[in-house]
Amino acid sequence: MVEPYPDLTAAQREAVLHREGPLLVLAGAGSGKTRVITRRVAHLIETGVPAGHILAITFTNKAAGEMRERISELTGGARVWVSTFHSFCARLLRRYADLAGYKRDYTILDGADQRIAVREATIESALDPKAYPPPKTLYRIERAKDQLLNPAQLLEQAQGAHDQAIARIYDLYQTSLRESSAMDFSDLVMQAVLLLKRDAVREEITERFRFVLIDEYQDTNIAQFQLARLLSLKHGNVCATGDPDQSIYGWRGADVTNILDFEKAFPGAIVVKLEENFRSTGLILAGANGLIRHNRGRHEKDLVTSGPEGTPLEFVPCRDEYEEARLVASRIMAEIRRGVSHEEIAVFYRVGALSRAIEGALSEKGIAYRVVGSVAFYQRREVKDILSYLRLTANPSDDLAAQRVINVPARGVGRGTLEKAKIHASNERTSLFEAARALGNGKRIKNKRTRTGLLRFVEIVDLLRARARSGVTLQELVRDVLCETNYRAFVSENAAHSSEESDRLGNLEALCDGARDFDRRWEGPLLDDEDELHASAPVAPPKPAPRPAKKKQSPKKKQSAKVEGPAAFPLFADHLDAIPAGSTADPVEERREAAPAESGRVEVAEEEEEEEFGPETEHASGISAFLEHTALVSATDESRDQHLPRVSLMTIHAAKGLEFESVYVVAMEDGLFPHSRALEDGEGLEEERRLAYVAITRAKRRLVLTRARNRRHQGRSQSQEMSIFLHEIPPEAFPAGRSPLEQERSYAVGATRTVRPAWEEGIDGPGYDEFNQDDSSQPSWRRAARRQEEEGRGSSRPKTALAQPKRATAGSRADLEEVRRLAQAISRQGGIAEYASGDQIYHEHFGRGKVLAMRGRSSALKIEIEFEDYGTKTLVLQYARMRKLEAEEL
DNA sequence: GCCAAACCACTTTTT
DNA sequence: GTGGTTTGGC
C-alpha cells in the first residue's frame with residue numbers, strides 16, 4: 001500500500017493521520033509544526049469532519065492569521081474557526097454574557113485602565129499606593145486570575161498582612177469592574193472557564209467543536225489549560241502542539257507543567273515528537289542545541305538536521321549602541337545588495353526600547369523597516385479619548401471611560417465634581433454617567449458652569465447613542481465624536497509643537513480610516529435596541545434551537561465588497577473572514593468565489609453551525625465589535641503596508657513562531673539579555689536562555705550576534721559585560737571555532753574603536769576578584785546564580801497554588817560551578833584586547849611572539865610583533881588573528 | 001477649579 | 001528622555 005502524504009516524515013504523518021483522542025505534538029523549533037497542524041486540519045476536513053466542528057486556538061493574532069490562511073489554501077477555503085485564546089473567550093462571553101453576569105456590550109480593559117482601577121481600589125482600601133504600587137498589585141491579581149483564584153481564594157492562601165491587603169484590593173477591583181461591566185484580559189479566560197463549567201453551556205459548545213487544536217501549548221497558564229480541558233471533555237479530541245524549550249511566558253503565568261504533564265491530564269494521549277529541523281543550517285542548530293543544554297530539568301533533546309552545515313555564526317563586538325546599529329545596518333545593506341529580500345531579514349532585541357538606535361541607522365541608510373508590535377496605536381491619548389466616547393456609547397456603565405472623558409475636552413468638571421459624582425454613583429448604585437446626569441440636573445452643584453459641563457457631557461453621550469441606533473456608520477459616529485467634542489480644536493490648542501499637533505491629528509484621521517474599513521465589512525446595527533440588550537441568547541438545548549437573536553445579514557455577503565487598493569487597512573480580517581492580512585484584493589476575491597463550490601459537501605452543515613456560534617455571529621453590536629478589535633488586536637497586526645518588503649524589527653517574544661533567512665540579535669549583554677529584572681525570579685535565567693534559544697532558532701541561514709561595550713541606558717552611559725549566552729554557545733559554531741570572547745580579545749571585525757589602545761588600559765577592565773567583590777558590581781546572572789544557590793539550600797518557595805512536581809532549578813551544584821568557572825574565565829581574560837609592548841601573544845598562523853610596538857590610530861591600528869619562528873612582522877590589529885597569552889601560559 | 005512646575009518611577013517580555 | 005502624578009499658586 002502506498003503511504004499517504006509521502007512529503008511528510010513518519011512522525012509528521014502520524015500526527016496528521018491521528019484521529020480521535022488526545023494528541024500531543026512535541027515539536028522542536030523548525031520541525032514543521034505549522035505544517036503538521038494545517039495538514040492535520042485539512043486531513044480532518046477531507047475525511048468528512050465539517051470545518052465548523054474544528055476550533056484552532058493560538059496565542060497571537062499573527063499566528064491565527066497565518067494558520068487561517070494556510071488552512072484556507074490547503075482546503076480551498078474551508079471556514080475553520082481559528083482565533084486567539086482571548087478572542088475566542090471574548091466571543092463566548094458575548095454569547096453567554098447574561099449567564100456570566102455581564103452586559104453583552106461589556107468593555108475590555110487595557111493595561112492603563114487596569115492600573116487606574118487598581119489604584120482606585122488601593123485607595124478605597126485605605127492603603128497607600130506607594131506601599132502597594134498598582135502595577136505590582138495588578139500583576140498579583142492577574143496571576144491569581146490565571147490560576148482561577150477569586151478574591152476569597154486568594155485571601156485564603158494569603159501569607160501575612162501584605163498578601164491579605166492584595167486580596168482585599170483584588171476584591172474591590174473586581175467589584176468595580178463588574179459594576180462597570182468591564183473585563184480585563186485575564187477575566188476573559190477566567191470567566192470563559194467558569195461558563196464552560198456549566199453543563200448547559202459546555203454541552204452546547206462541545207457539540208459545536210468536536211476537534212480542538214491548541215498551539216504553543218507550553219505557554220498556557222492554568223486557566224487556559226482548564227479551558228482546553230473543558231472544551232475537549234466530551235469528545236476528547238484535543239491536539240496540543242508545543243515545545244517546552246520555547247516556553248517564554250512564565251512571567252505571564254504560563255506553566256510548563258501543562259505540557260510536561262499532558263499525558264496525565266489527558267489520559268490515553270498519544271505523544272508524537274518532531275525532532276528533525278527543516279529550517280536552520282547545521283551550525284545554527286549546533287549553537288542552539290549547545291546553548292539550551294545549559295538548562296537543568298529539561299528532557300535531553302537535540303534537534304537534528306540532514307541539511308548543510310552552513311556558514312558559522314557571526315559575532316560583532318561594538319563600542320556602543322550607535323556603532324552596533326551602524327554595523328547591523330551596513331550588513332543588512334550588503335545582504336540586500338546581494339539580493340536577499342527585506343522580508344527575509346530581521347533584527348531581534350530583548351527589550352522594545354532598543355529598537356530606537358537600529359531604526360535610526362536603518363533610515364539613515366534608506367533601508368525600509370517595520371517595527372513589529374511597537375507603540376500601540378490604540379493606546380495613544382487622543383485615540384483612547386475617542387474610543388472612550390465609543391465605549392460609553394456601547395456601555396454607559398463603563399465608569400473608567402466616563403472618568404477619562406467627563407472633562408475632556410475641559411468643560412469645567414474638575415476633580416471635586418468628579419469625586420461628588422463618584423460618591424453619588426456609589427450611593428445610588430448607578431453608573432458614573434448617570435450620576436453626572438443627576439448632578440447636572442440637581443441642585444447639589446453650586447457652580448452653574450460646572451452643571452452645564454456635566455450636562456454637556458451627558459448630552460454628547462446621549463446623542464451618540466441615538467445616532468448609533470439610527471443607523472449611521474461607525475465612521476460617521478467617530479466624526480460625531482470629534483465634532484461634538486470639538487476635539488480637533490482641543491488637540492490644536494494643547495499641542496506643544498506643530499509636529500505633535502499634526503501627529504495627533506493624523507492619529508485621529510487614522511482612527512477614522514479604521515472606522516471606515518470597519519464599515520466596509522460590518523453589516524448590522526452599530527448598537528442594539530434597548531430591549532434587545534436584555535434578551536441575549538439563552539442556553540439552548542443542544543440539538544435544534546437556532547439562536548433567537550435577530551438575524552444579522554451574513555457578513556459573508558458583505559465581504560464581496562471590494563477591498564480597495566493596497567493601502568486599505570486589512571482591518572477585522574481575523575474576525576469576519578479568512579482573508580489573510582495584507583492580501584491584495586484580487587486573490588481574496590478569487591478565494592471567496594472558489595470556496596463554496598469546493599467545499600460544497602459540508603456547506604449546509606457549516607451554515608447551520610455558524611448561526612449557532614461562530615466568529616461572525618457573536619457581537620452584541622457593531623461598536624462592541626470594533627472595540628473588541630481595538631482591545632485584542634494590536635494595530636501593527638494590521639498595519640496598512642504589510643505587503644511592502646521591509647526588514648522586521650521586533651522583540652524576541654514577538655519573534656516566536658516566525659523564521660527568517662537572516663537574523664540579527666543585538667545587545668547580547670549582561671543585564672539586558674539575560675535581563676536583570678528577569679533574574680529576580682528563581683527560574684528566570686532558564687527562561688531567558690529559552691528566549692535566546694527561540695531567537696537563534698528563528699534563523700534559517702545566517703545568524704549575527706552583536707554586543708556593545710558601552711550603552712546608554714537610563715540617561716548615562718554604562719559599561720556592559722558580555723551576555724553569558726555568548727559564552728554558552730559552543731565556540732565550534734563560530735568562525736575558526738573561536739568563541740566571542742576570543743574574538744573580542746584579539747581582534748574586532750570592522751569595529752573601529754572597539755580595540756582600545758594599550759595606553760588606555762585599566763580604565764574599565766574587569767579584573768576584579770569575584771569572591772571579594774560587592775554583589776552590585778557583579779554580572780547580574782552571577783548574582784542570580786548565587787541567590788538561586790541560597791534559595792536551593794533553604795525551604796523551597798511555593799510558586800503556584802497547585803503543587804507541581806518541582807523540577808531541578810539552575811541552582812544546582814554543578815550549574816553553579818559552571819557559572820563560577822565562566823565568571824573566572826571572564827574576569828581573568830578581560831573583555832577586550834589590549835596590547836602593550838612586551839606582551840606575549842599567540843597568533844593563529846605565526847605562533848608565539850612578543851609585541852614590540854603599536855602604531856597608528858583606530859581602524860588603522862597596527863601592531864609590530866617579533867615572532868619566535870617568523871621574525872618581525874607588522875600586522876593590522878583589526879585583522880590579526882591572535883590573542884594575548886596569560887601569565888600561566890608563558 | 002485650573003494650570004504649571006516639580007517630582008517620581010520607570011521600561012522585560014503581551015493578550 | 002518619558003510620562004504620569006502630586007503639589008502649590010492663582
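- At dT14(B), none of the side-chain N or O atoms of Thr60(A) fall inside 4.0 Å of OP1 or OP2 (strictly under the cut-off).
- Here dT11(B) presents its P atom at 19 Å from CZ of Arg711(A), a figure rounded to the nearest Å.
- Atom CD in Glu142(A) sits roughly 13 Å away from atom P in dT15(B) (whole-Å rounding).
- A parallel orientation is assigned to the rings of Tyr249(A) and Phe59(A), their planes being inclined by less than 30° (bins at 30° and 60°).
- Note on Val189(A): nothing from the nucleic acid sits closer than 4.0 angstrom, heavy atoms only.
- The base of dT12(B) is not paired with the side chain of Trp251(A) by any donor and acceptor separated by under 3.5 Å.
- Nearest to the side chain of Thr450(A), among dT15(B), dT14(B), dG1(B), sits dG1(B).
- Cation-pi geometry between Arg689(A) and Tyr693(A) is not satisfied (NZ or CZ under 6.0 Å from the ring centre, within 45° of the ring normal).
- Rounded to a whole Å, the CE atom of Met650(A) is 11 Å from the P atom of dT14(B).
- For Arg350(A), the listed nucleotide lying nearest its side chain is dT13(B); candidates were dT5(C), dT13(B), dT15(B).
- Among the nucleotides dT13(B), dT15(B), dT6(C), the one closest to the side chain of Arg119(A) is dT6(C).
- Pairing analysis of DNA chain B (Watson-Crick: purine N1 to pyrimidine N3 plus N6-O4 or O6-N4; G-U wobble: N1-O2 and O6-N3; both under 3.5 Å) yields stems of 3 or more pairs at B:1-9 with C:2-10.
- Between the C1' atom of dT15(B) and the CD atom of Gln224(A) lies a distance of 9 Å, rounded to the nearest Å.
- A donor-acceptor pair is defined here as one N or O able to donate and one able to accept, closer than 3.5 Å; no such pair exists between the side chain of His675(A) and the backbone of Arg350(A).
- Comparing dT12(B), dT14(B), dG1(B) against the side chain of Thr417(A) picks out dG1(B) as the nearest.
- Across the interface with DNA chain B, nearest-nucleotide mapping of Ala678(A) and Gln114(A) shows Ala678(A) to be the residue nearer the 5′ end.
- Within the nucleic acid shown, Tyr249(A) comes within 4.0 Å of sugar-phosphate atoms alone, with no base atom in reach, counting heavy atoms only.
- The only member of Arg711(A), Glu669(A), Arg707(A) that meets side chain to side chain donor-acceptor pair (under 3.5 Å) when paired with Gln720(A) is Glu669(A).
- Side-chain N/O atoms of Thr651(A) include none lying less than 4.0 angstrom from OP1 or OP2 on dT12(B).
- Relative orientation of the His162(A) and Tyr132(A) rings is parallel, given thresholds of 30° and 60° on the angle between their planes.
- Atom CG in Asn407(A) sits about 12 Å away from atom C1' in dC3(B), given to the nearest Å.
- Between Phe59(A) and Arg449(A), the one whose closest nucleotide on DNA chain B sits nearer the 5' end is Arg449(A).
- Side chain of Arg94(A) to main chain of Cys89(A): no donor-acceptor pair is present (N/O by atom type, distance under 3.5 Å, no hydrogens or angles).
- The NZ atom of Lys656(A) sits 20 Å away from the P atom of dT12(B) (whole-angstrom rounding).
- Protein atom CZ of Arg115(A) is 11 Å distant from nucleotide atom P of dC10(B), rounded to whole Å.
- Across all strands shown, Gly111(A) has no heavy atoms under 4.0 Å from either base or sugar-phosphate atoms.
- A salt bridge is absent between Arg698(A) and Glu659(A); no separation between the charged side-chain nitrogens and carboxylate oxygens falls under 4.0 Å.
- Following rounding to the nearest Å, Phe85(A) (CZ) and dT15(B) (C1') show an atom-to-atom distance of 11 Å.
- For His653(A), counting side-chain heavy atoms from C-beta on, the closest listed nucleotide (dT12(B), dT15(B), dT13(B)) is dT13(B).
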Go through the steps to decide whether Thr58(A) and Asp215(A) satisfy the test side-chain hydrogen bond (donor to acceptor under 3.5 Å, both in side chains), and finish with yes or no.
CA-CA 5 Å; Thr58(A) 63; Asp215(A) 196 17; over 6 Å; no
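- Close to dT12(B), at under 4.0 Å from its OP1 or OP2, lies a side-chain N or O of His675(A).
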